[in-house]
Structures are given as structure tokens and as C-alpha cells.
Amino acid sequence: MHARVGGSDLPVILSELPSNSVARKLAADGLILQVGPFSFRLISPIDLVAEGVTAMYADYEVLDESRFVDYTVTITHGRGLRRWVGRQAVFEFDGAEPFIPLPVDHAFPLLEWSMNWCISMHAHHYLLLHSAVIEREGCAVIMPAPPGSGKSTLCAGLVNRGWRLLSDELALISLIDATITPLGRPISLKNQSIEIIRAFVPDAVFSQVVHDTSKGSVSLLKAPREHLLRINEIARPRWVIFPQYEAGAIPQLSARSKASSMLELGRNSFNYVVLGLKGFEILSKVIDASDCYDFQYSQLNDAVAVFDELVSRRGRD
Amino acid sequence: MLYRIRKGCRLHWACWDDVYVVFEELSGQTHQMDPVKAFLLHLLNDGAQELDALVTEFASVPEFADSVRISALLTKAMDELCTHGLVEATYR
């Protein structure tokens with residue numbers, strides 16, 4: 001979708017749409033958004049989805065109907081009795097329901113998880129790592145880690161202290177040259193991390209906190225607008241860092257072997273096995289280009305200092 | 001008994017700091033290898049060999065001069081390679 005301004009076409013940003021237009025589009029034929037390299041048609045009659053999309057995707061480009069859509073994600077009401085009693089939200093994709101229905105107040109997190117699922121199950125033109133990725137001076141840090149390791153908290157802290165958000169959840173690695181394409185989605189925070197980041201970034205925009213999900217309490221943090229303006233700037237892998245939050249720990253960056261890091265990244269990939277030899281070759285390139293570390297931390301300010309030092313040290317090396 | 005690279009296996013290598021990573025195309029599995037196992041696979045890549053012949057090859061490397069120790073080391077390494085499905089034992 002483009003607006004004609006001074007004789008040239010400018011992309012339409014979601015926040016520029018008339019009020020109620022987002023909810024109307026979502027409830028009708030859908031709202032088509034450009035999200036990183038993917039286009040999503042989002043369809044939902046559920047008010048909580050409209051609220052979440054309006055708040056979290058305000059700075060994303062809205063595409064018109066003539067554009068190709070990669071994924072159509074529908075979050076709709078449960079059928080029959082579940083529309084009225086114990087109301088549910090259901091994710092539909094290509095006529096299937098890949099997830100079990102959730103309580104209707106989980107509808108917006110369900111949309112986010114569904115979008116992640118679409119990419120991780122289908123975007124095999126990238127090597128997909130379950131990992132946060134941030135960038136500074138063209139160099140990317142890949143941070144794979146299991147749930148509870150503090151990956152998203154660290155990512156949220158760093159992208160509000162000088163690092164650019166490429167992704168909180170999925171590293172999109174080129175199968176040609178191992179560069180990383182930004183995805184630029186909201187950051188999913190859970191439980192205590194929500195209050196930690198509220199305190200660390202007082203002017204941050206959060207979605208409504210949803211309690212009692214399978215991951216506990218969940219809230220999304222809006223991606224910084226200035227990072228979305230640079231969404232087409234790829235980055236090169238430079239560091240692979242496995243973060244681990246440990247209460248009371250002093251920050252400690254410990255070198256780890258490239259071979260074990262490669263195997264661990266492979267285990268954290270959604271499609272390394274699917275890609276076969278190409279996956280091995282690309283992952284080898286990522287590791288070749290990267291210094292690999294384990295990182296233990298407890299305080300975000302300490303972590304920021306350690307990551308900043310990585311960049312300055314690279315300049316001296 | 002002869003050891004050989006398992007039929008159909010195609011190995012691809014990466015190496016950092018004397019630690020090897022090998023991707024086996026047929027199974028799609030990736031394995032981490034120490035230099036001993038990596039060298040064994042390298043030797044077997046040229047054709048099937050008996051354990052004694054492999055011990056002799058290793059003995060030519062100064063770090064592996066103790067042939068009793070090498071024999072035990074190679075037996076264990078070969079068992080692991082067989083378990084990973086990279087090597088198979090066969091009879092003449």
C-alpha cells in the first residue's frame with residue numbers, strides 16, 4: 001500500500017491507517033503486513049488481536065492486495081460451545097489447526113507464536129536458528145539458548161542500549177553467503193523479565209500482559225522504530241554467544257570450542273537436518289566467522305558493558 | 001577383520017583447533033571427532049584396513065609410539081565409529 005505524497009509513492013505504515021481500520025481489516029479480508037523479508041496476511045475477528053497488532057506493529061508497512069502473501073495466519077474464535085463458554089482462540093493455517101486451541105485471552109501471544117511457526121516450518125530458503133540476533137557496526141551476535149536462559153531479557157536490554165534488533169527468536173541465515181537478514185519482530189518477554197525490562201527501559205511499549213500461558217505470564221515489547229527503518233540492512237555473523245542468567249553471578253564471558261558451538265547451533269536449528277549438506281556448509285561458515293563464548297550474567301548493565309567491550313576489542317584485534 | 005567406511009557414507013569435514021566436525025550425507029548426522037577418530041576415518045577413506053595395519057600407521061606418529069596403548073585406543077575409537085554408523089566391520 002502506498003500513499004501519494006508530493007508526486008512520489010510512500011509505503012503506508014500501520015499507524016497511519018484511520019482508527020478502527022486495523023480491526024476492520026483484520027475481521028474482514030485481513031491485514032497484510034511486511035515483516036522482515038516475509039509478508040503476512042493476518043485475519044482475526046478477536047478484539048485482543050486487533051489491540052495487540054495496533055500497538056506492536058504500528059511501524060510496519062501495510063501491503064495492498066496486489067502483493068504476494070507468504071503466510072496467511074488466522075486467529076479465530078473456537079467453534080460451537082467454545083465460542084460462548086470457556087471461549088477459545090484457534091490458529092488456522094491452510095485449512096489446518098496446527099496448535100491446540102487456547103483461552104481467548106491468549107489470542108495475541110497465539111498470533112505471535114503462529115507467525116513464528118509459519119516461518120520455522122516453511123522458510124527453508126534460510127538456515128533457521130532458534131536464537132536471538134543483534135547487530136552493531138555490521139557485526140551480528142547470535143544468541144541461541146533454551147527457555148529460561150535469559151536470552152530475550154538480554155536481547156531486550158541490549159537493543160535498548162545501542163545494539164540493533166535483528167530478531168528475538170529466529171536467526172535467518174542466507175544459504176548463499178551466511179549473512180543474517182533482520183526479522184524485526186516484537187520481543188517476547190516472560191514472567192520476571194517483563195518488570196526487569198520495564199525498569200530498564202521506562203519508555204518501552206509493551207503489549208498487555210497475558211497470564212497463565214504455557215510459558216507463564218507473557219508480554220511483547222515493541223521493536224524500536226529506528227531499527228525497523230533499517231530492516232533491509234543485513235549483518236555478518238561475528239560472535240556466537242550462549243547466554244545463561246544466573247542470580248547473583250558476576251558477568252563472565254568464557255571462550256568455548258567452535259566445534260561444540262557448531263553442534264549446539266545445529267541442535268538449535270529448525271531446519272539444519274532438512275537442509276542436509278547445505279546446512280552443514282552454511283553453519284560451518286557462520287562458525288568460521290565467529291568467536292564463540294558462554295556468557296553468564298545477572299545484571300543487564302554488566303552485560304551491556306561486556307558486549308560493548310566485545311565491539312571495542314574487535315576494533316583493536 | 002577389516003574395517004571400512006560404511007557403504008554409501010559421504011563425509012564432509014570442518015575443523016577448528018584440532019577438533020573436527022564431520023557431516024555424513026547419507027544419514028544427515030553431524031558428529032564431533034577428536035584427531036584420532038578423524039585420522040582413522042581419513043585412513044579408511046583410502047580403503048578397508050585391518051586394525052593391525054591401522055596401529056602400524058598410527059605408530060609412525062611420534063605421539064602414538066606406544067603400540068599397546070594405540071591398539072586399545074583404536075579399538076575403542078573404532079567401536080564408537082561403528083556405533084555412529086560411519087564405519088562397518090567386515091570379513092575378507
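These numbers come from the heavy atoms of this one structure, side chains and all, not from hydrogens, waters or symmetry mates.
- Counting heavy atoms of neighbouring residues, nucleotides and ligands inside a 6.0 Å radius, atom CG of B/D17 does not exceed 12 of them.
- Here the side chains of B/F23 and A/Y272 are in contact, with some heavy-atom distance below 4.5 Å.
- When the shell of 6.0 Å around CZ of B/R6 is examined, it contains 12 or fewer heavy atoms from other residues, nucleotides or ligands.
- Residue A/R161 qualifies as enclosed at atom CZ: its count of foreign heavy atoms under 6.0 Å is above 12.
- How far CD of B/Q32 is from NZ of A/K258: 14.0 Å, rounded to the nearest 0.5 Å.
- For B/E25, the part lying near chain A is the side chain, with the backbone staying farther off; criterion is any non-hydrogen pair under 4.5 Å.
- For A/L277, the parts lying under 4.5 angstrom from a heavy atom of chain B are both the backbone and the side chain.
- Summarising the geometry, atom CD belonging to A/E281 is positioned 7.5 Å from atom NE2 belonging to B/H12; distances are rounded to the nearest 0.5 Å.
- In this structure, OG on A/S284 lies 12.5 Å from CH2 on B/W13, to the nearest 0.5 angstrom.
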